[in-house]
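Sequence lines set the chain letters: A, B, ... in the order given, protein chains first and strands last, and positions in each chain run from 1.
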2 protein chains.
Amino acid sequence: MIDPTARKPPYLQVADILAERIKAGQYPKDSRIPTESELVEEFEIGRNTARRAVEVLRERGLVETVPTRGSYVL
Amino acid sequence: MIDPTARKPPYLQVADILAERIKAGQYPKDSRIPTESELVEEFEIGRNTARRAVEVLRERGLVETVPTRGSYVL
DNA sequence: CTGTATTTGTTCGTATGTATT
DNA sequence: AAATACATACGAACAAATACA
């Protein structure tokens, strides 16, 4: 799924995949995207990398993160 | 704040600035100095450079670093 | 009310790759 | 060649808040 050798770093690859899913309606508005742990498992990445990916989605205004809850599609 | 072109490398410049602050009592004994991330932001340097700066303070016996906690003034 | 599980927040440790001087 | 610097990544540990049985 993720290519660690690609020019695009893993955290961006993951962010883009998640953004695609949001755009496609796979994660509907107000729904919660996968937790950091789930992203770690699905994409076989470290937690920090998962966090960075979600951070990108926040910066893009795609999700909102609620501590102890998760990140929700806007 | 930091001059990347100076003869003194950034990590030493940062270390010296922090040492000054400790000496001046800006960071009192037993208090925590800024985290690596905070140093990255304040001085606009990379994380490795921030780490190097703190390493210098350790070598000078000015601080003690506790994994997952931070570095504390001695 | 109490304990446990879940989830994000924070922070340092370590390593790799690339670029510049 | 060596030192310096930055970006990226994974690991580990602990805190804090929330949810739930």
*asked:* Let me confirm one number: the CD-CZ distance from Gln13(A) to Phe43(A), rounded to the nearest 0.5 Å.
replied: 10.0 Å
*Spell out, yes or no, whether Ile17(A) and Leu62(A) are grouped together once hydrophobic residues are joined by side-chain heavy atoms under 4.5 Å, including indirect joins.*
yes
*Where along residues 66-74 of chain A does a heavy atom come under 4.0 Å from DNA chain C, residue by residue in number order?*
Val66(A), Pro67(A), Thr68(A), Arg69(A), Gly70(A)
*Let me know, please, whether Thr65(B) or Ser37(A) comes out on the 5' side of the other along DNA chain C by nearest nucleotide.*
Ser37(A)
*Should the pair Glu36(A)-Arg69(A) be classified as a salt bridge under the 4.0 Å nitrogen-to-oxygen rule?*
no
*Please give, in whole Å, the distance from dA9(D) C1' to Ile2(A) CD1?*
13 Å
*In whole angstrom, what separates Glu36(B)'s CD from dA7(D)'s C1'?*
15 Å
*Pick out which of Val73(A), Val14(A), Leu74(A), Leu18(A) makes a side chain to side chain contact (heavy atoms under 4.5 Å, CB included) with Leu57(A).*
Leu18(A)
*Selection: residues 53-62 of chain A, any non-hydrogen atom under 4.0 Å of DNA chain C*: none
*Lys/Arg N to Asp/Glu carboxylate O, Arg47(A) vs Glu38(A), below 4.0 Å*: no
_Residue met sooner reading DNA chain D from 5', once Pro10(B) and Pro10(A) are mapped to nucleotides_ = Pro10(B)
*Below 4.0 angstrom, N of the basic side chain to O of the carboxylate: do Asp16(B) and Arg60(B) qualify?*
yes
*Would you indicate what Arg51(A) reaches in the nucleic acid, counting non-hydrogen atoms under 4.0 angstrom: base, sugar-phosphate, or nothing?*
base
*asked:* Go nucleotide by nucleotide along DNA chain D from the 5' end; which of Lys8(A) and Leu12(B) gets its closest nucleotide reached first?
replied: Leu12(B)
*Measure from CG on Asp3(B) to P on dA5(D) and round the result to the nearest Å.*
12 Å
_So, taking the atom named OH in Tyr27(A) and the one named CZ in Arg32(A), what distance separates them when rounded to the nearest 0.5 Å?_
10.5 Å
*Could you tell me which nucleotide pairs with dA1(D) by Watson-Crick or G-U wobble geometry, both distances under 3.5 Å, or answer none if nothing does?*
none
*asked:* Would the distance check show the side chain of Glu64(B) and the main-chain N or O of Arg58(B) forming a donor-acceptor pair, the cut-off being under 3.5 Å?
replied: no
_I need the minimum non-hydrogen distance between Val54(A) and Ser71(A), along with the two atoms involved._
CG1-OG, 3.4 Å
_Hydrophobic clusters here meaning ILVMFWY residues chained together by side-chain heavy-atom distances under 4.5 Å, can you tell me if Ile33(A) and Tyr11(A) are in one?_
no
Contact list (N/O, under 3.5 angstrom) for nucleotides 15-21 of chain C vs protein:
none

_Rounded distance in Å - CZ (Phe43(B)) to P (dA5(D))_ = 14 Å
*So, is Tyr11(A) close to the dT8(D) phosphate, meaning a side-chain N or O under 4.0 Å from OP1 or OP2?*
yes
*After noting the C-alpha distance and the side-chain angles of Tyr72(B) and Asp30(B), does the key distance pass the side-chain contact (heavy atoms from CB on, under 4.5 Å) rule?*
CA-CA 5 Å; Tyr72(B) 297 84; Asp30(B) 292 326; 5.9 Å; no
_From dT4(D), dT8(C), dC12(C), nucleotide with atom closest to Arg52(B) side chain_ = dT4(D)
